Amino acid sequence: MTTRVRFAPSPTGYLHIGSARTALFNYLFAKHTGGKFLLRIEDTDVQRSTEESTRSILDGLKWLELEHDEEIVYQSDNAPRHREIALKLLDEGKAYRDFTPKEERSGDVKAAIQERAREQKDMRDNPFRDLSKAESDAKADAGEPFAIRLKVAESGKTTFEDAVYGFQERDFSEIEDLVLLRSDGHPLYNLAVVCDDIEMRITHVIRGQDHLTNTHKQVLIYEALGVEKPTFAHLPLILAPNKGKLSKRKHGEVVSMTTYRDSGFLAAAFRNFLVLLGWSAGEEKEIYTMDELIGKFSLDHIHKNNAVFNFDANDPKHWTDDKAIWMNAEYVRTMPLEDLIPLVKAELKSAKLWRDEYDDDDKTHFEKTVDLIRERFFTLKDFSNQGRAFFSEDFDFDNAAIAKNLKKFPDLQTRLPELAGTLETVDDFTHDTLETVIKGFAEEKGVKFGVLMNGARTLLTGLAVGPSMLSVFETLGKEKTLRRLKSQVAWNQ
RNA sequence: GGCGCAUUCGUCCAGUGGUUAUGACGCAAGGUUCUCAACCUUGAAACAGGGGUUCAAUUCCCCUAUGCGCUACCA
């Protein structure tokens, strides 16, 4: 039997980092087992679901390259079918009509639920549970509104074997007669999920641990329907640094996938970071290609304890998890150059720094430039910010760099243009030749080589840090190097 | 309140009935270099607590603590 898994987000916001990981795990499991990865949008909560959210989630998945197989299922489309099934259970006596008026909730719903739960009541205590069919039908015919609840047996327990958490059981006395269909005729989550999973022939339900207790309710529905239940695998949660819930409201943009895309992260790097949150192959290796992940991923290496997504909202340097940043930098500087080039191209295009020659006459030179500067970059954004001087004449000078490398050594104001004059005669504008010439120049003029190079760095790139200057000279080329060495712009700032 | 799940460095993790308890991020120190956020080397840093079981527990069991989840006509 081919495995079929699904990622089933509810479109009430952008793609959350935790959801993204759930999607990733589902995807990897599907591909590992040669199965299908399906997508279902759980938009049954009409009040909160938005099309914009759906789009944002789809964008996030697309960016992560978690492509789904088959058509997207919109849960709301299946509502009639869910209703039918609830009615069927009613008909079979496995569910009953509850005529209790709906309790309107407002304000702090969580607190209200907690408060009510404290009352410790008998889960089977419902005046309409044992109403005769005739009485129930009569009331319904009279137009009295009702919800449909599953009739959970007086005694017994549900059990299932979770692929991550192991054997689970729950006594019926802990499970209320859950509502299947609202009094307005809309199906509820637990019913909808089970019906759709059956319909989509899902073999493995891989989702967040917050559903672990709910699963017992769903098992009950499977049993009432007489359908074999799928394998369940619950995933540990991803928590905020204070070990609390990671939410948009409290933590803002750090939890959104689009933030990473827009900050110049590489999908491959972020995926790699994400997969290590709650899973490991049990080895010391940490950098994996997608193919390696597909090959190694398995449910039994998923952890049981929650992971903390570590960041400090008050510190720009640690705005997101350090390891994610490191992972991205690692990818930027070590991934195959040919894979990086298109990404840099897209970044330069969006920063209006792209020139068509980079793809054509200047291709080799462009690639060499990218290869040189990527060594100390962290994100794709760095190519258009820090790396701007390599692609444009219009770049800024860092004041600290000017102070440290130029103003502190006033004679450089004449020495650097002088150096330009000397370099004018160099035809072989490459690292080694330049080194010989410039070292000779430094000695002759009594200037320290390092001071000369640092000054040049600021003049040529606007910065105080960067790759070896001899390589920068070579990469930038003679013409630009000479012009910038002679320029007085930075000196006048 | 009830029920459930969890607990190894600050964070992500490895691991075992007998180990100097692994690796990574971050941090610190040193080094290389023309600079550095890169690179190299080194260092500090953890088995929640208490009981058992055992010749021996970080590892198995129980209790406590803590955290998280569920307890809706939300998903």
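What's counted below: heavy atoms across the whole structure, side chains too, no hydrogens, waters or symmetry copies. These numbers come from a predicted model, not from an experiment. Below, chains carry the letters A, B, ... as their sequence lines are ordered, and counting in each starts from 1.
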Self-check item: N/O (side chain, A:S183) to phosphate O (OP1/OP2, B:C73) under 4.0 Å
Solution: no
Quiz prompt | Pair assignment for B:A38, Watson-Crick or G-U wobble, requiring both distances under 3.5 Å | solution = none
Exercise. Choose from B:A6, B:C13, B:A38 the nucleotide whose nearest atom is closest to any side-chain atom of A:R376.
Key: B:A38
Quiz item: At under 4.0 Å between heavy atoms, what does A:E435 touch on the DNA or RNA strands: base, sugar-phosphate, or nothing?
Solution: nothing
Quiz item: If the C1' atom of B:G67 is compared with that of B:A75, how far apart are they to the nearest Å?
Solution: 23 Å
Quiz item: If you measure from the C1' atom in B:G4 to the same atom in B:U59, how many Å do you get, rounded?
Solution: 24 Å
Exercise. Flag the pair A:H82 / A:Y189 as yes when their ring centroid distance falls below 6.0 Å, and as no otherwise.
Key: no
Quiz item: With a non-hydrogen cut-off below 4.0 angstrom, is A:Y189 in contact with a base, only sugar-phosphate, or nothing?
Solution: base
Exercise. Could you check whether A:K102 gets within reach of a base, just the sugar-phosphate, or nothing at all, counting any heavy atom under 4.0 Å?
Key: base
Self-check item: From B:A38, B:A72, B:G26, nucleotide with atom closest to A:L188 side chain
Solution: B:A72
Self-check item: side-chain N/O A:R48 vs B:C74 OP1/OP2, d < 4.0 Å
Solution: no
Exercise. Provide the Watson-Crick or G-U wobble partner of B:A14, both distances under 3.5 Å; none if there is no partner.
Key: none
Self-check item: Pairing nucleotide - B:G67, Watson-Crick or G-U, each distance under 3.5 Å
Solution: B:C5
Quiz prompt | Minimum-distance nucleotide to A:Q168 side chain [options: B:C68, B:C5, B:U11] | solution = B:C5
Quiz prompt | Given B:C73, B:C36, B:G2, the nucleotide with the shortest approach to the side chain of A:E174 | solution = B:G2
Exercise. Select base, sugar-phosphate, or nothing to describe what A:P236 touches, counting heavy atoms under 4.0 Å on all strands.
Key: nothing
Quiz item: Considering heavy-atom distances to RNA chain B, does A:Q75 or A:E284 have its closest nucleotide positioned more toward the 5' end?
Solution: A:E284
Exercise. Using heavy atoms to find the nearest nucleotide of RNA chain B for A:N310 and A:E330 separately, return the residue whose nucleotide is more 5′.
Key: A:N310
Practice problem: Indicate, yes or no, whether a donor-acceptor pair under 3.5 Å links the base of B:A75 to the side chain of A:N214. | Solution: yes
Self-check item: Phosphate contact (B:A75 OP1 or OP2) by A:T44 side-chain N/O below 4.0 Å
Solution: yes
Exercise. In plain terms, say whether A:E154 and A:R124 are close enough for a salt bridge, that is, a side-chain N and a carboxylate O under 4.0 Å apart.
Key: no
Quiz item: For the residue pair A:W319 and A:Y260, does the interplanar ring angle fall in the parallel (under 30°), tilted (30 to 60°) or perpendicular (over 60°) class?
Solution: parallel
Quiz item: Under the 3.5 Å rule, do the base of B:A6 and the side chain of A:K304 count as making a donor-acceptor pair?
Solution: no
Quiz item: Is A:R55 salt-bridged to A:E52, cutoff N-O under 4.0 Å?
Solution: no
Exercise. Evaluate the side-chain proximity of A:H303 to A:S280: yes if any heavy-atom separation is below 4.5 Å, no if none is.
Key: yes
Practice problem: Send over the distance from A:F311 CZ to B:G10 C1', rounded to a whole Å. | Solution: 15 Å
Exercise. Verify the contact: side-chain N or O of A:R149 to OP1 or OP2 of B:A72, cut-off strictly under 4.0 Å; return yes or no.
Key: no
